[in-house]
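Lettering of chains follows the sequences in order, A, B, ..., and the numbering in each one begins at 1.
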There are 2 protein chains.
Amino acid sequence: MTALTERHQQVLRAVVDDHVVSSQPVGSATLSRRYLDLSPATVRNVMGDLERMGLLHQPHTSAGRVPTDRGFRLYVDDLLKVRNLSQRERDRIRAEFESGLDAGDDVMRRAGHLLSAVSNLVGLVLAPPLDEVLVKRIELVRLGRRRAMIILITDQPVVHNRVVRTDADYTKADLEKMARYLNETVSGCTLGEMYARIEAQMKSDRVQYDRLRARALRLGLEAFGARDEGALYVEEATRLLEQPEFLDIGRMKALFRTLEEKSQILALLRATIESEGVNVLIGSESEVDGMQGCTLITSRYTAGRGAAGSVGVIGPTRMDYRRIIPLVGYVANLLSRHRY
Amino acid sequence: MTALTERHQQVLRAVVDDHVVSSQPVGSATLSRRYLDLSPATVRNVMGDLERMGLLHQPHTSAGRVPTDRGFRLYVDDLLKVRNLSQRERDRIRAEFESGLDAGDDVMRRAGHLLSAVSNLVGLVLAPPLDEVLVKRIELVRLGRRRAMIILITDQPVVHNRVVRTDADYTKADLEKMARYLNETVSGCTLGEMYARIEAQMKSDRVQYDRLRARALRLGLEAFGARDEGALYVEEATRLLEQPEFLDIGRMKALFRTLEEKSQILALLRATIESEGVNVLIGSESEVDGMQGCTLITSRYTAGRGAAGSVGVIGPTRMDYRRIIPLVGYVANLLSRHRY
DNA sequence: CATTGGCACTCGCGCCCAGGGAGTGCCAGT
DNA sequence: ACTGGCACTCCCTGGGCGCGAGTGCCAATG
């Protein structure tokens, strides 16, 4: 492929910019009139080149051009100067974030809502994989005759808790003792290690002859052992209904289905967790079928002592990258800096 | 309006039955062939009557007939023999319900999912209004330097808990003392009364000179004082995409919007909380604009010492009432009988 | 030689129109 | 009281047509 001249770049940029707001194929006349100081004929020649390079696509002979996924990719990588969020916007977003937290919302969910509200797209938040989360402490609280709450305090902002049925009516003192046992074996290790440690302990002599101790360990396993996949929050999926590209009901169904099923999106987010900065995954690049015509923008964040998660948005390929990219970055930042 | 003859009833019933499965207007020929031992001509006459009575509607001259909301109403009230769920179905549903609970799911959410899964419609669960919930006990757990979890144990299956920031670094003993204070004033009363009791206590001498006591009360207020509206769970709204009536994108949007906004649906559910048995609210009867063409089927359930909530489904008016009505009733039953 | 205006061409879209089909209402016959 | 027959109405579909948008190419131009 030949290199792009300055002019090619100008035209491609203009096509994307216009298409992002109009959601329609753009013609040479529009470009000439609104974006470029060139005659329509010249623009047509350039557009012809771009099409041959696979960066633009013509839905049919007498239509304007639409950027291809590769076109968007080039635009995002080379042509786009992301403007930073203005201080005002940042303040507004941050205020929104914190006010929600004070009201007692879950941090993850809050971040998802925020992304969604500001971008008008679907907000995504992937919690750090639980395996890597550092266990600080476990508490057991008696709720009733055979019910207790087990609380897992980690180095993350979220506190996990779960109501469990107990095998007997333990007193408050019993539960405290059990919690102490659990903490002895478990505190300071990651959740991933916890399983192994508990298993090892279970075999030791001390446990064999101490029913309470054994029961405590079992409880810990049952409550948090099987929490395999990091939780994925999908917020405000119905916003997609607003986007004109989803007037096509088939596409919408497909996307909803993949969003609901979660596992595929989860894999995509997890894959981006390692890389720095903001990631952009355009349409077909993801090889997920529900994602045709959609772009996923993500950014990693860190929480606690090194565990990392990912936030992002999903929306039509035709989205305002200039705004959304810094937005996702900023929210990831908020989340990373967030101290509880 | 003249009374309906036996024949009128037969025809109306047949129209509804066919329309429920076909989702299309029903013609006289179909009815004569598949449901009735009458010639098409006779059927036409009867259908004409029914139309004049406002029970059927003809979308246009050369189309078949569709039941009106009033037609459905009459069908549901007088013509429908709800068959009970078979023992097998009941067992299956119950097993599904309980297996989910063992896995630690929220009871409310679980019930919603269940309704949705079995009916292929949108599941709704309204928790009992918190005001009427009996407070059994409050626990405070130290999570970190300035963080604590406040746990509200009621006579309901769900346990409410919330992470709060504290104004100082309270020790475990402090928090236990505070919890004791709170329980002294609060336990045994409903959440509705709690507010007043705390306010009263705050003015008493004992509190004026005891900072910890004051702080405890304040905490209780902040955490659970403002939980106004009972929580409404809307599960699996995207199932609506499957229904052929929602190929019309405008209607779908409207319904999604009201589902998302919740307050209107919430009001409808709350209204049915008082009445026994299964309630059916058909289309325009609700006066909620997003509800045209939709039916809401609900049933009340009770939990704890007398507080009542509501479960239900929402779907197109054209739904299989024969199956759905007993289903909603049964799930309400499950929830009422559920003991934790 | 890059740029431009001109021009013929293509193709989707909206419109009209006719034909077929589904379903009805009415009427006369049993 | 039913029913068969019949004329009628109206939607739906498909084909034909004109319009407009947009293109590609070419010859002219600075």
Side-chain angles (χ1 to χ4, degrees), chain A residues 2-12 14-19 21-68 71 244-245 247-248, chain B residues 2-12 14-19 21-68 71 244-245 247-248:
Chain A
T2 59
L4 289 180
T5 66
E6 174 65 25
R7 169 161 303 165
H8 284 123
Q9 300 189 7
Q10 279 176 16
V11 173
L12 179 56
V15 171
V16 172
D17 286 344
D18 188 82
H19 181 251
V21 314
S22 74
S23 84
Q24 296 293 326
V26 312
S28 56
T30 317
L31 289 185
S32 163
R33 198 175 336 113
R34 290 220 275 265
Y35 297 87
L36 303 163
D37 202 17
L38 294 170
S39 78
T42 313
V43 174
R44 280 203 288 280
N45 289 328
V46 182
M47 286 171 104
D49 293 345
L50 291 171
E51 177 156 23
R52 254 159 274 133
M53 291 186 235
L55 301 174
L56 294 183
H57 169 71
Q58 216 178 0
H60 56 86
T61 328
S62 74
R65 256 89 170 196
V66 170
T68 61
E245 19 273 294
L247 287 179
D248 173 5
Chain B
T2 59
L4 289 180
T5 67
E6 174 66 25
R7 168 161 303 166
H8 285 122
Q9 299 189 6
Q10 278 175 17
V11 172
L12 177 56
V15 170
V16 172
D17 286 343
D18 189 83
H19 181 251
V21 312
S22 75
S23 84
Q24 296 293 326
V26 189
S28 57
T30 316
L31 290 185
S32 163
R33 198 174 335 115
R34 290 221 274 266
Y35 297 86
L36 303 163
D37 202 19
L38 294 170
S39 77
T42 312
V43 175
R44 280 203 288 282
N45 288 329
V46 181
M47 285 172 104
D49 293 347
L50 291 171
E51 178 157 21
R52 256 160 273 132
M53 291 185 233
L55 301 174
L56 293 183
H57 169 70
Q58 215 176 2
H60 57 85
T61 328
S62 73
R65 257 88 170 199
V66 169
T68 61
E245 19 273 294
L247 287 178
D248 173 5

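- Comparing C/dG25, C/dA22, D/dG22 against the side chain of B/Ser62 picks out C/dA22 as the nearest.
- A/Ala41 comes within 4.0 angstrom of a nucleotide base, judged by non-hydrogen atoms across all strands.
- Contact check for A/Ser32 versus A/Leu38: no side-chain heavy atoms found under the 4.5 Å cut-off.
- B/Glu51 places its CD atom 15 Å from the P atom of C/dG23, with the value rounded to the nearest Å.
- Look at CZ on A/Arg7: it is 10 Å from P on C/dA2, rounded to the nearest Å.
- Taking 3.5 Å as the limit, the base of C/dC11 and the side chain of A/Thr61 contain no donor-acceptor pair of atoms between them.
- As rounded to whole Å, 13 Å separates atom C1' of D/dA1 from atom NE2 of B/His8.
- A distance-only check finds no donor-acceptor pair linking the side chain of A/Ser28 to the backbone of A/Arg44 [under 3.5 Å].
- If you take CG of B/Asp49 and P of D/dC2, they are 12 Å apart, rounded to a whole angstrom.
- Using a 4.0 Å cut-off, no side-chain N or O of A/Thr42 falls inside it from OP1 or OP2 of C/dT3.
- For the pair A/Leu50 and A/Val15, the minimum side-chain heavy-atom distance is 4.5 Å or more.
- Between A/Gln58 atom CD and D/dA21 atom C1' there is a gap of 11 Å when expressed in whole angstrom units.
- If you take NE2 of B/His19 and P of C/dG23, they are 13 Å apart, rounded to a whole angstrom.
- Rounded to whole angstrom, the span from the CZ atom of A/Arg65 across to the C1' atom of D/dT23 amounts to 7 Å.
- In this structure, a donor-acceptor pair under 3.5 Å is present between the side chains of B/Tyr35 and B/Asp18.
- Among D/dG4, C/dG12, C/dT24, the nucleotide with an atom closest to any side-chain atom of B/Met47 is C/dT24.
- Between A/His8 and A/Leu55 the shortest side-chain heavy-atom distance does not fall below 4.5 Å.
- With distances taken from any side-chain atom of A/His60 to the nucleotides C/dG5, C/dG12, D/dT3, the minimum falls on C/dG12.
- In this structure, A/Arg44 atom CZ and C/dG6 atom P are separated by 12 Å, rounded to whole Å.
- For B/Leu38, taking side-chain heavy atoms from C-beta onward, the closest of the listed nucleotides C/dG25, D/dT3, D/dC10 is D/dT3.
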